[in-house]
Asker: 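Let me begin by handing over the structure; questions about it come next.
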Amino acid sequence: MQFTSPPNPQEFNQRVWALVRQVPRGKVATYGQIALMLPPPNGADFESYKAFGARWVGGAMAACPDDVPWQRVINSQGKISERPGAQKQRQLLEEEGIIFMKDKVDLKKYGWRGLDEADKPKQEKLF
DNA sequence: GTTGTGACATCGC
DNA sequence: CGCGATGCCACAA
């Protein structure tokens, strides 16, 4: 289901995808995290946005292009949704070095921290 | 106008 | 760690 809502759903989605593409290999980001990182539309209430933003991110993921590693986007529980192919994605993540515990990943270790342009080179170096 | 649902989040047991 | 209950927003029937 496409939760149209942001003023520009397409643009919103693009922003989400762009963010997802920034996720380095071996790291994962949560819907809530992404939602918080994204700029609230129209200056909507931060609280409300926080409540539903995650779903908008989910909506964006539903239409994510092939060049978007959506598998790195998981819920706050550190799990992948029950969507078809999820298990396969889990395997991909494992190959990237992410350890799964009971279908859950250790966000403490693999949780992707926000992305700062200035911090970007640092991350590459770290890898 | 009311009801149900959705790739979610958070708190509590 | 696992499961359940509640809140949130927008949309379709």
Side-chain angles (χ1 to χ4, degrees):
Chain A
M1 176 168 288
Q2 203 133 14
F3 313 133
T4 44
S5 278
N8 305 317
Q10 277 188 331
E11 189 168 334
F12 186 85
N13 289 356
Q14 262 187 37
R15 209 180 289 275
V16 175
W17 300 334
L19 222 58
V20 176
R21 290 197 195 101
Q22 307 312 306
V23 180
R25 188 167 77 82
K27 296 250 178 174
V28 295
T30 65
Y31 291 97
Q33 191 68 59
I34 290 176
L36 289 173
M37 285 168 67
L38 287 170
N42 311 320
D45 297 291
F46 191 77
E47 298 293 327
S48 304
Y49 173 69
K50 179 186 171 189
F52 199 81
R55 285 193 184 141
W56 283 355
V57 174
M61 292 291 92
C64 69
D66 296 338
D67 59 329
V68 177
W70 61 268
Q71 70 253 31
R72 290 185 191 142
V73 182
I74 55 183
N75 55 26
S76 66
Q77 299 172 17
K79 295 194 294 191
I80 307 176
S81 9
E82 199 172 320
R83 152 176 93 264
Q87 198 154 19
K88 184 178 180 182
Q89 307 306 0
R90 186 188 67 183
Q91 194 171 11
L92 288 174
L93 292 174
E94 283 184 331
E95 282 190 35
E96 294 186 356
I98 297 176
I99 302 173
F100 275 75
M101 296 173 70
K102 277 300 184 183
D103 295 350
K104 284 193 270 192
V105 305
D106 189 350
L107 292 175
K108 277 186 167 185
K109 270 234 163 232
Y110 305 106
W112 178 48
R113 292 161 165 266
L115 154 87
D116 281 276
E117 299 299 333
D119 205 36
K120 191 173 180 183
K122 198 174 176 183
Q123 282 188 0
E124 290 193 12
K125 185 182 179 183
L126 190 69
F127 248 83

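Since the structure is predicted, the reported quantities are computational estimates derived from the model, not experimental observations. Within every chain, numbering begins at 1; the chains are lettered A, B, ... in the order of the sequence lines, protein sequences first and strands thereafter.
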Asker: In whole Å, what is the span from the NZ atom of A/Lys79 to the P atom of C/dC1?
Answerer: 10 Å
Asker: Quick one: A/Lys50 NZ to C/dG7 P, roughly how many Å, whole number?
Answerer: 15 Å
Asker: Parallel, tilted or perpendicular, judged at 30° and 60°: which one describes the rings of A/Phe46 and A/Tyr49?
Answerer: tilted
Asker: Starting at the 5' end of DNA chain B, which residue's closest nucleotide do you reach first, A/Phe52 or A/Leu36?
Answerer: A/Phe52
Asker: What is the distance, to the nearest angstrom, from the CG atom on A/Leu107 to the P atom on B/dA9?
Answerer: 10 Å
Asker: Measuring from the side chain of A/Lys104 (C-beta onward, heavy atoms only), which nucleotide among B/dA7, C/dC9, C/dG2 has the closest atom?
Answerer: C/dG2
Asker: Would you mind reporting whether A/Lys79 and A/Ile74 have side-chain heavy atoms less than 4.5 Å apart?
Answerer: no
Asker: Atom NZ of A/Lys102 to atom P of C/dC1: distance rounded to whole Å?
Answerer: 11 Å
Asker: Considering all heavy atoms of both residues, which atom of A/Ser76 and which atom of A/Leu107 are nearest to each other, and what is their separation?
Answerer: O-CD1, 3.4 Å
Asker: Can you figure out which of C/dC8, B/dC8, B/dT10 approaches the side chain of A/Ala54 most closely?
Answerer: B/dC8
Asker: Measuring from the side chain of A/Met101 (C-beta onward, heavy atoms only), which nucleotide among B/dA7, C/dC1, C/dG7 has the closest atom?
Answerer: C/dC1
Asker: Side chain of A/Arg55 only, please: which of B/dA7, B/dA9, C/dC8 is the nearest?
Answerer: C/dC8
